[in-house]
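Below is one structure, written out as structure tokens, with a few remarks after it.
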Number of protein chains: 2
Amino acid sequence: MDYQKQLQNYFAEADENCLPGLSIDCVIFGFSNNQLKVLLLRWKYTEEWGLPGGFIYKTESVDVAAQRILKERTGINKLFLQQFHTFGDDVRYNREEISRKLHWPDPATRRWPNRTVSIGYFALVDFSKVTPTADFLTDECRWWDVENLPSLLFDHNHVIEVALKTLRVQLSWQPVGYNLLPEKFTMPELQRLYETILNRPLDPRNFSKKMRALGIIERLEEQRRGGAYKSPYLFRFDKEKYKKALKEGNLAFS
Amino acid sequence: MDYQKQLQNYFAEADENCLPGLSIDCVIFGFSNNQLKVLLLRWKYTEEWGLPGGFIYKTESVDVAAQRILKERTGINKLFLQQFHTFGDDVRYNREEISRKLHWPDPATRRWPNRTVSIGYFALVDFSKVTPTADFLTDECRWWDVENLPSLLFDHNHVIEVALKTLRVQLSWQPVGYNLLPEKFTMPELQRLYETILNRPLDPRNFSKKMRALGIIERLEEQRRGGAYKSPYLFRFDKEKYKKALKEGNLAFS
DNA sequence: CCAAAAGTGTTAAACGTACACCCATGT
DNA sequence: ACATGGGTGTACGTTTAACACTTTTGG
């Protein structure tokens with residue numbers, strides 16, 4: 001089997017060139033169809049899903065490694081990426097269980113350390129600009145609703161939960177809308193993004209008022225045609241004002 | 001020199017029993033004399049100060065290691081301790097510079113990895129309950145004003161800055177007063193704690209009003225006698241209500 | 001013409017902020 | 001008696017929260 005050899009090579013290289021016992025996990029958030037999504041990978045020849053992750057080269061900063069891993073494993077480049085927690089429990093997974101689930105032969109398994117400390121990053125991306133692509137370790141790469149995840153490998157369900165919690169807390173200071181939405185969007189779309197992340201309904205009149213009062217978005221003449229029912233106006237973020245407001249911490253949303 | 005041998009033993013043990021290339025740094029905050037303080041250690045036979053830190057045993061969770069290190073190196077036990085950031089730059093210190101500053105012989109130095117990823121924790125402690133004690137690696141352990149730190153070893157000045165920033169942001173959700181103040185305290189003391197962390201003056205009338213409105217502190221009949229001038233009332237945190245308010249995120253302070 | 005989503009304004013309550021004087025105490 | 005820090009209330013402006021009807025559109 002060619003795949004087994006690739007696996008062995010991968011771990012052998014990591015062993016030689018990467019920091020031992022340390023890894024990175026990336027939680028990539030996107031928003032589409034009024035749902036917050038996470039990008040997951042399905043490992044080759046299995047039905048097992050997990051977060052994209054990888055190792056850190058010995059001469060590479062952890063932040064740079066996170067960007068590289070994202071790029072290598074999902075094709076996504078240069079985006080909003082933030083460290084949110086380091087997962088250091090002594091038992092985060094069972095090596096034998098993982099090895100069984102992934103159909104790994106013993107030699108490959110043994111290369112996987114018994115214990116790994118993992119640094120968690122989350123990314124916010126424009127769903128419409130991502131073309132999920134599987135890499136040599138995986139068969140499939142696709143978006144999953146945050147609300148409806150399968151049981152994942154390792155402690156990845158927990159990692160996603162912590163990322164979500166961080167995202168909620170940081171809603172007020174992070175350019176969430178700016179990174180998760182396409183360039184042009186409607187007010188209801190923005191509202192549903194906030195509702196999804198905050199996990200509670202918001203009043204459309206108050207929401208619209210507040211968002212527009214922040215002065216970080218502008219309404220275009222254009223309307224979104226083609227959908228059924230009344231055509232909503234399109235909006236666009238004013239990048240400069242958004243950044244300025246973020247710096248001043250003006251984007252709290254209670 | 002006995003110390004050199006101890007050093008070598010220490011690193012040899014760490015090499016054998018600890019996770020390689022990973023360390024923990026602890027930023028311990030205290031409050032006294034209207035100043036926010038950090039606990040620092042002076043390395044033996046030098047004038048070089050740094051944060052208490054250490055390594056993680058191979059069978060120990062990172063959180064537990066942080067508590068153990070704190071206890072071992074400062075005598076402080078069982079307190080508020082929170083991971084705040086992982087420092088993963090590829091060049092966080094110069095091994096030769098460190099070795100020179102600490103008067104380390106080559107063999108000991110070579111045991112120190114060329115690169116270490118460090119997980120930062122910050123602790124909030126009751127200043128009055130801590131008896132700073134140096135350990136076998138250090139000559140002295142004492143509090144320093146956050147506003148007036150010396151140039152520290154490694155990237156520890158930067159680590160403290162990030163911890164402070166985190167502390168400021170989290171003032172609203174963390175039991176800062178509860179952990180940094182003695183059981184009984186006066187309103188001006190609490191106010192100065194907040195002023196110090198937020199780094200700006202607050203109006204005493206508004207501060208008192210707001211704090212008491214939160215319903216998490218109770219005024220005792222007792223007053224603090226002995227100081228000159230008018231005797232201030234003593235207050236105490238209502239632990240239950242404090243925890244409840246924290247859960248509900250009601251402790252924002254703008 | 002109908003169903004469904006988009007869009008919008010007013011009011012009351014809560015909260016934040018600015019501001020100044022008297023009081024208690026030890027020396 | 002006095003110097004010093006402790007203690008307190010009011011008024012104004014801003015922000016939030018609650019609330020319902022009309023408009024637009026495609027089918």
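Note that the structure is predicted; figures quoted are calculated from it, not measured. In what follows, every chain begins at residue 1, and chains take the letters A, B, ... in the order their sequences are listed.
The salt bridge (charged side-chain N to carboxylate O under 4.0 Å, His left out) search around A:Asp89 returns none, not counting sequence neighbours. Taking the side-chain contact (heavy atoms from CB on, under 4.5 Å) definition, one finds that B:Glu189 meets it with B:Phe185, B:Thr186, B:Arg224, sequence neighbours left out. B:Ala163 is linked by a side-chain contact (heavy atoms from CB on, under 4.5 Å) to B:Val27, B:Phe29, B:Phe84, B:Phe122, counting only residues two or more places apart in sequence or in another chain. With sequence neighbours left out, the side-chain contact (heavy atoms from CB on, under 4.5 Å) criterion links A:Thr196 to A:Phe31, A:Leu36. Every residue two or more places apart in sequence or in another chain that forms a salt bridge (charged side-chain N to carboxylate O under 4.0 Å, His left out) with A:Glu183 is listed here: A:Arg236. In terms of the salt bridge (charged side-chain N to carboxylate O under 4.0 Å, His left out) criterion, A:Arg192 has no residue partners (sequence neighbours excluded). The side chain to side chain donor-acceptor pair (under 3.5 Å) check on B:Lys184 picks up B:Glu222, with sequence neighbours excluded. Every side-chain contact (heavy atoms from CB on, under 4.5 Å) that A:Tyr233 has, sequence neighbours left out, goes to A:Arg219, A:Gln223, A:Phe235.
Put simply, CG on A:Leu220 is 12 Å from P on C:dG7, counting in whole angstrom units. What separates CZ of A:Phe235 from C1' of C:dT8 is a distance of 12 Å, to the nearest Å. Remark: P of C:dG16 and OH of B:Tyr194 are 13 Å apart, rounded to the nearest angstrom. The NZ-C1' distance, from A:Lys210 to D:dA18, rounds to 15 Å in whole Å. The nearest whole Å value for the distance from the OH atom in B:Tyr233 to the C1' atom in D:dG5 is 15 Å. Summarising the geometry, the separation between CG on B:Leu214 and C1' on C:dA14 is reported as 14 Å, rounded to the nearest angstrom. At whole-Å resolution of the value, CG in B:Leu198 and P in C:dT17 are 12 Å apart. Note: CZ (B:Arg200) to P (C:dG16) measures 12 Å, nearest angstrom.
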Discussion item. I'd like to compare against my own output: the B/S/- annotation of nucleotides 19-27 of chain C with a strict under-4.0 Å heavy-atom distance to protein.
Written reply: BB--BBBS-
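Contact check, B:Arg212 against D:dG7: no side-chain N or O comes under 4.0 Å of OP1 or OP2.
Listed by residue number, there are no residues of residues 184-192 of chain A with a heavy-atom contact under 4.0 Å to DNA chain D.
Using a 4.0 Å heavy-atom criterion, one finds that B:Arg224 contacts no nucleic acid atom at all.
In the helix from C:dC1-D:dG27 to C:dT27-D:dA1, the terminal helix axes, each the rotation mapping four pairs' C1' atoms onto the next four within five end pairs, subtend 10°, rounded to 10°.
Using a 3.5 Å distance cut-off with no hydrogens or angles, the side chains of B:Asp63 and B:Ser61 do not pair a donor with an acceptor.
Using a cutoff of 4.0 Å between basic side-chain nitrogens and carboxylate oxygens, A:Lys44 and A:Asp139 are not scored as salt-bridged.
Residue pairs meeting the side-chain hydrogen bond (donor to acceptor under 3.5 Å, both in side chains) criterion with at least one member in residues 151-166 of chain B, sequence neighbours excluded: B:Asp25-B:His156, B:Arg92-B:Asp155.
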